[in-house]
Amino acid sequence: MKKTQTSDILQHLKDGRRLTQKEAIQEYGAYRLSSIIHSLRRQGHDIMSIPKKVPTRYHKADGSRVTANVVEYKINY
């Protein structure tokens with residue numbers, strides 16, 4: 001089997017690890033993770049989308065951190 005971003009990401013998930021878009025860019029150079037996840041789901045893989053809030057570099061007027069909503073993907077067995 002040819003090694004691709006999709007196969008690498010599938011193996012990452014099968015290893016029991018979770019993956020965000022930022023991690024996919026850093027580890028696999030995959031800038032369209034949601035497209036890869038969509039493709040894997042169409043192949044029959046049961047992949048969960050887990051919403052997650054992460055801090056950004058920005059601060060509110062009261063000094064607290066601004067958060068962003070991201071998705072973390074995980075495979076179900």
Name the atoms and distances for all side-chain donor-acceptor pairs under 3.5 Å in residues 47-54, with sequence neighbours left out.
residue: S49; atom: OG; partner: R41; partner atom: NH2; Å: 2.7
residue: K52; atom: NZ; partner: E72; partner atom: OE2; Å: 3.3

Problem set entry | Set of residues satisfying side-chain hydrogen bond (donor to acceptor under 3.5 Å, both in side chains) with respect to T20, sequence neighbours excluded | E23

For this session: With sequence neighbours excluded, tell me which residues meet side-chain hydrogen bond (donor to acceptor under 3.5 Å, both in side chains) with N76.
Result: D46

Problem set entry | More than 12 heavy atoms from other groups under 6.0 Å of NE2 on H38 | no

Exercise. Got a sec: does the CZ of R65 have more than 12 other heavy atoms crowding it under 6.0 Å?
Worked result: yes

Exercise. What heavy-atom pair brings A24 and L33 nearest, and what distance separates the two atoms?
Worked result: CB-CD2, 4.0 Å

For this session: Please report the shortest heavy-atom distance between Y28 and Q5, naming the atom on each side.
Result: O-NE2, 3.1 Å

For this session: Decide side chain to side chain contact (heavy atoms under 4.5 Å, CB included) for V66 and H59; before the verdict, give the C-alpha distance in whole Å, the side-chain angles of both, and the deciding distance to 0.1 Å.
Result: CA-CA 5 Å; V66 174; H59 293 82; 5.8 Å; no

To the nearest 0.5 angstrom, please state how far the [atom1] atom of [X] sits from the [atom2] atom of [Y].
X	Y	atom1	atom2	result
Q21	Y73	CD	OH	7.5 Å
L10	D15	CG	CG	9.5 Å
H45	L13	NE2	CG	9.5 Å
Q26	L19	CD	CG	10.0 Å
R18	K74	CZ	NZ	5.0 Å
Q11	K3	CD	NZ	8.5 Å

Is there side-chain contact between [X] and [Y], with at least one heavy-atom pair below 4.5 Å?
X	Y	answer
K14	I75	yes
T4	S7	yes
T56	T67	no

